[in-house]
Protein chains: 2
Amino acid sequence: MPRRSAAHVADSRASAVEAAVDLASVVGLEGITIGRLAGELAMSKSGLIGRFGDKEAMQRAVLAAAVERFTDAVWRPALRSEPGLPRLEAVVDAWIGHLRDRVFRGGCFVTTASVEYDARPGPLHDDVAAAVRRWLGVLEAEARHARAAGDLPADRDPTDVAFELHSLASGGGVAGRLIGDAAALDRTRAAMRRAIGLPPASRR
Amino acid sequence: MPRRSAAHVADSRASAVEAAVDLASVVGLEGITIGRLAGELAMSKSGLIGRFGDKEAMQRAVLAAAVERFTDAVWRPALRSEPGLPRLEAVVDAWIGHLRDRVFRGGCFVTTASVEYDARPGPLHDDVAAAVRRWLGVLEAEARHARAAGDLPADRDPTDVAFELHSLASGGGVAGRLIGDAAALDRTRAAMRRAIGLPPASRR
DNA sequence: ATAGAGGACGAACGATCGTTCTGTATAACT
DNA sequence: AGTTATACAGAACGATCGTTCGTCCTCTAT
């Protein structure tokens, strides 16, 4: 068995987390099992859990990594667009795109985690809630900018806009995947665009 | 230990299922445990599972009961309203109402089950998908009726309307509960009304 | 050259998982 | 009243859960 340098060790922890993200996107953060994950990574259970301390610490690391992956896929590209409505439009496109490209093997990770912990208190609940609040805040700030620029009706509450976008994306992603509706993502995109006053189809 | 008559037996099975629905709405259909449920019902594990055969059969019975409960709370009351837009409005009110009244202890059961099985094949996936498809079909038929009556724009796709209502309700319910936003249900209701062309607040 | 730190292993822990089997007490039927 | 059917308890099953332990191996630093 080849040994690993310190750099490889860090890689190994990161790759363990990434594998766990993919696994959890299918079976849920609560559905992860040390044994199963260790098996997929061809590691021993003790070697795996040793990296994190205990299972909950691992779950929190996995959640953080998933949030990072989501941010990379959806938010970061949108930063290239102008603040306000153009950026919201870019977010919608990237959001639908990351669902279409299956950035998460089993559907949006944060949605899965939200459902798992919405009624179960604990550190993981708090982590998920904090991540969602942060994301809603980002969307709301962008909506506020758009409204100030006159790109959204003056009587449209930015908080409502953010909440509506989030609801549509998470609800639509789940339902579409569940019932196997190929057009679901298009419907979701159209609905999200409607929510910010854009025509159903992009001009591109 | 007192014995039970046949009628009591049926009651016992039904009450076991109802307790399981409440439990599963918190921990998920996959999170149910024979031992834990038996404990809550003050029964032995073998006595409990004996009613159903195996765990999967129990889960399917629990899911069916949850769908029934949802139908009772959301659809059946709306049947008193005129078909078309009035009935859709009643559905929205009842839908939000059943979330507010916590008909399910841990948030909408079907949403939880949708997320659990959207990426996991099997009989339970098929059951959940069938239930959601049926519900979307009901909403779509009502939207189609509303459009024919001129209460929805002619270019509004009834399938889109149904999908949008469902996405908003399930996504909004989860997010609101997760982040503990008391206004979330109001936001969701307003968004759902917007989706069917109604003003944010009901006239009542 | 050698001591130390740290990562990973295999084995084992008690607990709990879903399931099966057996015994028994009651209800329903003849 | 005697027989059959049924519903449940209790014990036990192999498997797997998360975790802990002691040991080995490799790398780094002195």
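In what follows, chains are A, B, ... by sequence order, proteins preceding strands, each numbered from 1.
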Counting just side-chain N and O atoms, does B:Arg51 come under 4.0 Å of either OP1 or OP2 of D:dC8? yes
Tell me, with the steps shown, if A:Glu68 and A:Arg76 meet salt bridge (charged side-chain N to carboxylate O under 4.0 Å, His left out). CA-CA 10 Å; A:Glu68 189 62 28; A:Arg76 225 144 261 159; 3.2 Å; yes
Flag the pair A:Val128 / A:Glu116 as yes when at least one side-chain heavy-atom distance between them is below 4.5 Å, and no otherwise. no
Heavy-atom closest pair (B:Ala195 atom, B:Glu164 atom, distance to 0.1 Å) is CB-OE2, 3.7 Å
Decide, yes or no, whether a salt bridge links B:Arg133 with A:Asp181 under the criterion of side-chain N to carboxylate O below 4.0 Å. no
Whole-Å distance between D:dC17 P and A:Ile49 CD1? 12 Å
Give a yes or no on whether B:Arg105 atom CZ has more than 12 heavy-atom contacts from other residues, nucleotides or ligands under 6.0 Å away. yes
Atom pairs under 3.5 Å: protein N/O with N/O of nucleotides 10-13 of chain C:
residue, atom, partner, partner atom, Å
C:dG10, N7, A:Ser46, OG, 3.4
C:dG10, O6, A:Ser46, OG, 2.6

Give the minimum heavy-atom separation between A:Ile32 and A:Ala20, together with the two atoms involved. CD1-O, 3.9 Å
A:Phe70 and A:Trp95 aromatic ring geometry - parallel, tilted or perpendicular at 30°/60° bounds: perpendicular
Name every residue in residues 27-38 of chain B that has at least one heavy atom under 4.0 Å from any atom of DNA chain C, in order of residue number, or write none if there are no such residues. B:Ile32, B:Thr33, B:Ile34, B:Gly35
Under the criterion side chain to side chain contact (heavy atoms under 4.5 Å, CB included), I'd like the reasoning laid out for B:Glu30 against B:Gln59: C-alpha separation, chi angles, the key distance, then a yes or no. CA-CA 8 Å; B:Glu30 206 69 16; B:Gln59 289 172 311; 3.9 Å; yes
